[in-house]
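Below is one structure; the comments refer to it alone.
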Amino acid sequence: MATIHLTLARLLILAAVFLSTEITAQPAAPAPGPAAPTNITAILEKGGQFATFIHLLNTTRVGDQINIQVNSSSEGMTVFAPTDNAFQNLKPGTLNKLSYDDQVKLILYHVSPKFYTLDDLLSVSNPVRTQASGRDGAVYGLNFTSQGNQVNVSTGFVETRVSNALRKERPLAVYVVDMVLLPEEMFGENKVSPAAPGPKSNSPDVSDDQEKAGAPSDKSGSGEMKAGLGLALGLVFLCLKLVV
């Protein structure tokens, strides 16, 4: 009987060793791969109402700049994304009147080179720098104010509220705005776009002084003809008197 018990114990020990060996031999589950790089266009496409902003990000290449910088910078970035309705509410021709460089500047004005949460924007020090700057190198800024938990953003030319977040995780925050952020430096009262030159006339320009000192009028021409005719008649009469 003792021999049977000993044999069973040995079999149990062998089975336990075999099972432990099988468990150990199983390959470990693969570790999760690195997260996909952050892409501003993909985030906006998922939002579903930013076709115009996406188009401008692509044509100005600002979208590529954001993707490169946000995946390589420790500061992160913040984007304020105007909806399609925001662009439709602009005065007709507002975008078309801008040069390519000014369109780039306008889109860069919606990008801050630092990551901000909504709580950060409630108490941030103004102005908040953007990626846009003037020809003199001066950086264009945004000003933020709060009403309770609501955050408003002002350019000095327009003001609107910062709506929900399309993304709020580092390194990129994307917030919806209901108006296109038009910088005062570009659209203020004293910033008037130069008018396009009109078609050049085929005839040379004539000033008022030139008109006054120009060719004689029809009246002066007819007066000279009358004076010449009178002089000729006078000479005829004079010759007749001399003959007589």
Side-chain angles (χ1 to χ4, degrees), residues 32-121 124 127-134 139-144 151-155 157-183 185-187:
T38 304
N39 186 290
I40 181 62
T41 302
I43 295 169
L44 294 171
E45 286 176 345
K46 189 175 180 180
Q49 54 177 338
F50 304 94
T52 305
F53 192 49
I54 291 173
H55 172 73
L56 289 170
L57 284 170
N58 290 333
T59 57
T60 60
R61 306 304 297 273
V62 172
D64 292 339
Q65 296 178 31
I66 293 173
N67 292 335
I68 293 171
Q69 187 170 342
V70 79
N71 288 294
S72 60
S73 171
S74 60
E75 292 292 324
M77 303 188 82
T78 303
V79 175
F80 301 95
T83 62
D84 290 334
N85 286 335
F87 282 99
Q88 291 173 5
N89 290 332
L90 290 174
K91 291 182 180 179
T94 299
L95 294 180
N96 292 336
K97 291 178 181 178
L98 297 178
S99 66
Y100 174 78
D101 289 342
D102 283 342
Q103 286 189 15
V104 172
K105 194 181 301 182
L106 175 63
I107 301 305
L108 287 174
Y109 190 61
H110 291 74
V111 183
S112 175
K114 186 177 180 181
F115 177 87
Y116 291 99
T117 66
L118 281 176
D119 288 339
D120 292 335
L121 295 177
V124 71
V128 171
R129 70 188 297 261
T130 70
Q131 293 283 73
S133 61
V139 176
Y140 294 177
L142 293 168
N143 292 295
F144 294 88
V151 178
N152 296 328
V153 56
S154 172
T155 71
F157 185 70
V158 298
E159 182 174 353
T160 188
R161 67 190 184 93
V162 178
S163 301
N164 58 300
L166 294 178
R167 177 190 167 95
K168 53 185 177 182
E169 296 81 18
R170 283 186 174 274
L172 178 64
V174 183
Y175 300 109
V176 180
V177 287
D178 297 325
M179 296 180 69
V180 179
L181 303 179
L182 304 177
E185 292 87 346
M186 293 173 60
F187 295 90

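Numbers here are sequence positions counted from 1.
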Where is the tightest heavy-atom contact between Pro127 and Gly141, given as atom of each residue plus distance? CB-CA, 4.2 Å
Of all residues at least two apart in sequence or in a different chain, which pass the side chain to side chain donor-acceptor pair (under 3.5 Å) check with Ser154? none
Do Tyr175 and Leu121 have side chains that approach each other closer than 4.5 Å (heavy atoms only, starting at C-beta)? yes
Side chains of Phe53 and Ile107, heavy atoms from C-beta outward: is any pair under 4.5 Å? yes
What closest approach, in Å, do Leu98 and Met186 show between heavy atoms, and which atom pair accounts for it? CD2-CE, 4.3 Å
Quick check, are the ring centers of Phe144 and Phe80 under 6.0 angstrom apart? yes
Rounded to the nearest 0.5 Å, how far does CG of Asn85 lie from CE of Met179? 12.5 Å
What residues form a side-chain contact (heavy atoms from CB on, under 4.5 Å) with Gln65, not counting sequence neighbours? Leu108
Closer than 3.5 angstrom, by distance alone: can the side chain of His110 be matched with the main-chain N or O of Leu181 as a donor-acceptor pair? yes
Kindly state each residue pair satisfying salt bridge (Lys or Arg N to Asp or Glu O under 4.0 Å) with at least one member in residues 49-73, sequence neighbours excluded. Arg61-Asp64
Expected list for residues 157-174: side-chain donor-acceptor pairs under 3.5 angstrom, two or more places apart:
from   : atom 1 : to     : atom 2 : distance (Å)
Arg167 : NE     : Glu169 : O      : 3.3
Arg167 : NE     : Leu172 : O      : 2.9
Arg167 : NH2    : Arg170 : O      : 3.2

Which pair of non-hydrogen atoms, one from Leu56 and one from Thr60, has the smallest distance, and what is that distance? O-OG1, 2.5 Å
For Pro183 versus Leu106, what's the shortest heavy-atom pair and its separation? CD-CD1, 3.8 Å
Partner residues of Leu90 under the side-chain contact (heavy atoms from CB on, under 4.5 Å) criterion, sequence neighbours left out: Phe87, Thr94, Leu95, Val180, Leu182
Drop me the distance from Leu142's CG to Thr155's OG1, to the nearest 0.5 angstrom. 7.5 Å
Examine distances only and state if a side-chain atom of Asp120 and a backbone atom of Thr117 form a donor-acceptor pair shorter than 3.5 Å. yes
Residue pairs meeting side-chain hydrogen bond (donor to acceptor under 3.5 Å, both in side chains), one or both in residues 68-80, sequence neighbours left out, come to Gln69-Gln131
What residues form a salt bridge (Lys or Arg N to Asp or Glu O under 4.0 Å) with Asp102, not counting sequence neighbours? Lys105
Val128 and Ser112: which non-hydrogen atoms are nearest, and at how many Å? CG1-OG, 3.8 Å
Which atom pairs, donor and acceptor, lie under 3.5 Å between side-chain atoms of residues 39-50 and protein residues at least two apart or in another chain?
from  : atom 1 : to    : atom 2 : distance (Å)
Asn39 : OD1    : Thr41 : N      : 3.0
Asn39 : OD1    : Ala42 : N      : 2.9

